[in-house]
Amino acid sequence: MGKQWGSAMRAAEQAGCVVSASRAGRPEAGPWSCSGVILSRSPGLVLCHGGIFVPYLRAGSEVLTTAGAAFLPGDSCSDDLRLHVQWAPTAAGPGGGAERGRPGLCTPQC
Amino acid sequence: AGLEPGPPAPSRGRPLQPRLPAELLLLLSCPAFWAHFARLFGDEAAEQWRFSSAAPDDEVSEEEEADQLRALGWFALLGVRLGQEEVEEERGPVVAVSPLGAVAKGAPLLVCGSPFGAFCPDIFLNTLSCGVLSNVAGPLLLTDARCLPGTEGGGVFTARPAGSLVALVAAPLCWKAGEWVGFTLLCAAAPLFRAARDALRRLRPSAAALAALMPPEVGVPWGLPLRDSGPLWAAAAVLVECGTVWGSGVAVAPRLVVTCRHVSPREAARVLVRSTTPKSVAIWGRVVFATRESCPYDIAVVSLEEDLDDVPIPVPAEHFHEGGWHARDAADHVCCAQRLQWGTPLLQPLRKPPWSWISQSITDSKANRGWKGIITSNTRDNNTGATYPHLNFSIPITVLQPALQQYSQTQDLGGLRELDCAAEPVRVVWRLQRPLAEAPRSKL
């Protein structure tokens, strides 16, 4: 089974990212965060879950269940929304490259 | 995460990329996902379902819960403002997408998400968990890969073609009447990207260029019927309904089905048995035997009024060896085709058996094909109320086979009646309690 996952694991890790949403000037409110998928690195394009945007919707979460609502433009959320995306270094990017032999996990301070 | 220890992923051990600012371009949902969701979970039983990331007894207001449910099938497209370093990284799509229906039910899946979101990305970023595609209802998919809160939006990938994006996590935890069901709700990626392209073109002309950046679909073209073939043996898993309770059963002969006693406890009770493969049939039957309430072998035997035509009868296994890593490569994968025997109507209208891939956690991974046994109960922690669907009490088929064969050939219930006299060690395991060293003394 291990063999079949090799390249899928690498592809999945290259595409994975984490997204966090907070309110400008009010870091204590939130942050809300979720996982995401990198669609393109340059230009940067990510798809993530919509649940973290609910607290910022100008018209409240009811707008999500309005009949026929299939999409909402970017300005549906308040102006003080701040978004950040973080992803792992790419194998090809600066500071990337495979460093074999180093232990995979470290114990950073959370 | 239940995966083979393989070569460390290249990104581990090096500092993460700095956080990059981003802007919301679009919030989008997949209408077909909602249509299936409403059909499956929208009826009167809906209030028993929760897809919240909080445990049932966490303090979550009804309003928050309603917000989470409304946002369940919504996803966000973000533009990321890159620094100079990132601009130099490679261009082009990072992923390819599997068309809807291209992945067969039961196929292995890999989920890549970050439990607890941005809480501690050094440790949890891109955590991997594998499972199978357990069930399909249009773009609403189920997997038994274990997902935690924070993995919403994480990608779900195939092993073949390697790393093709199948879906995104919509709800990592599903609760039914306070019990964690152990499946994760996914939204298929292909219909989502089609919705995104459509929305971007309608939003404003300048956004059309973004539509071209949506990842391409690779593999079986769109429009083929959903592949629900699965292996033939899964057809032996039937649905047994006794009044308002229902659960799984296994066809052991054209007119004989074994199910759990807690599904149809009363001998002589009438039950309805449904099978969907090779064709949808519903046949009445009668319970000819059920073990006693106190018996650890929680089984019942149903005799049908008609044949279950063309349903493959599983071949019982004969040997069991405790599993181990060294056996893995030679091991056969053990799969479980079950209708959730605890009576939850998950995907009820479809009534197709959801799959779970439990080869790592079953007690035997020896290279022996055949029907291993029956899962009769999940483990429940009475202190916390949590149920662990991946930790089951199962009855090996070697315990049941002689008695079933005797009854099937001679209608003699003698062998089945002996099951009521299960040995003490079996009782201890079933109760998960050690026998008391000495009988409790009276307090009188």
Side-chain angles (χ1 to χ4, degrees), chain A residues 1-2 4-16 18-20 31 33-42 44-51 53-54 61 64-65 70-74 76-77 83-95 98-99 102-104 106 108 110, chain B residues 3-4 6 8-14 16-17 19-22 24-29 31 67-68 70-71 74-80 82 85 87 89-91 93-95 110 112-114 117-118 120-122 125-126 128 150-155 157 159 162-163 195 199 203 213 215:
Chain A
M1 187 175 76
Q4 72 171 335
W5 287 117
S7 39
M9 279 161 58
R10 274 188 291 282
E13 288 205 305
Q14 288 301 295
V18 68
V19 178
S20 49
S33 59
C34 68
S35 303
V37 175
I38 304 168
L39 306 181
S40 161
R41 285 184 190 281
S42 179
L45 205 53
V46 157
L47 187 69
C48 73
H49 196 266
F53 295 91
V54 169
S61 66
L64 300 175
T65 48
F71 65 89
L72 294 170
S76 305
C77 290
L83 290 171
H84 286 90
V85 174
Q86 192 166 28
W87 55 57
T90 60
E99 290 178 34
R102 281 190 62 191
C106 56
C110 278
Chain B
L3 283 184
E4 277 280 323
S11 59
R12 287 277 171 253
R14 285 185 307 281
L16 298 181
Q17 300 282 67
R19 296 195 321 154
L20 299 170
L24 175 63
L25 300 176
L26 177 70
L27 279 170
L28 73 141
S29 79
D67 283 347
Q68 280 192 27
R70 287 191 188 105
W74 281 82
F75 295 86
L77 191 64
L78 311 183
V80 182
L82 305 175
E85 279 180 39
V87 167
E89 285 191 19
E90 74 271 20
R91 292 181 170 279
V94 174
V95 291
L110 182 69
C112 178
S114 303
C120 191
D122 285 307
L125 178 73
N126 289 348
L128 301 174
T151 59
E152 296 88 342
F157 302 86
L203 256 181
L213 286 177

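The chains referred to below are lettered A, B, ... by the order of the sequence lines, with proteins before strands, and numbering in each begins at 1.
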(message) Show, in sequence, the C-alpha distance, side-chain angles and deciding distance for S29(B) and L64(A), and conclude whether the side-chain contact (heavy atoms from CB on, under 4.5 Å) test is met.
(response) CA-CA 9 Å; S29(B) 79; L64(A) 300 175; over 6 Å; no

(request) Enter the distance from L82(B):CG to S42(A):OG here, rounded to the nearest 0.5 Å. (result) 5.5 Å

(request) Check S20(A) against R19(B) and note the closest heavy-atom contact, atom names and distance. (result) OG-NH1, 3.2 Å

(message) Is V85(A) in contact with chain B via its backbone, its side chain, both, or neither, using a 4.5 Å heavy-atom distance?
(response) both

(message) Is A199(B) close to chain A through its backbone or its side chain, or both, or neither, when contacts mean heavy atoms under 4.5 Å?
(response) both

(request) Could you tell me which of L47(A), V54(A), V18(A) has the largest number of non-hydrogen atom pairs under 4.5 Å with chain B? (result) L47(A)

(request) For chain B, find which of A15(A), P73(A), C34(A), A12(A) contributes the most heavy-atom pairs closer than 4.5 angstrom. (result) A12(A)

(request) Please name the pair of heavy atoms, one in V80(B) and one in L45(A), separated by the smallest distance, quoted to 0.1 Å. (result) CG2-N, 4.4 Å

(request) To the nearest 0.5 Å, tell me how far L72(A) CG sits from L28(B) CG. (result) 9.5 Å

(message) Can you give me the closest heavy-atom contact between S61(A) and D67(B), atom names plus distance?
(response) OG-OD1, 2.5 Å

(request) Please name the pair of heavy atoms, one in G16(A) and one in C112(B), separated by the smallest distance, quoted to 0.1 Å. (result) CA-SG, 4.4 Å

(message) I need the residue from S76(A), S33(A), C77(A), G51(A) with the largest number of non-hydrogen atom pairs under 4.5 Å to chain B.
(response) S33(A)

(request) Would you check if the side chain of N126(B) reaches a backbone N or O of E13(A) as a donor-acceptor pair within less than 3.5 Å? (result) yes

(request) Using atom types as modelled and distance alone, determine if a side-chain donor or acceptor of S35(A) lies under 3.5 Å from a backbone N or O of S114(B). (result) yes

(request) Please name the pair of heavy atoms, one in T65(A) and one in R70(B), separated by the smallest distance, quoted to 0.1 Å. (result) CG2-CG, 3.6 Å

(request) Specify the closest pair of heavy atoms between L83(A) and L24(B), including all atoms of both residues, with the distance to one decimal. (result) CD1-N, 3.6 Å

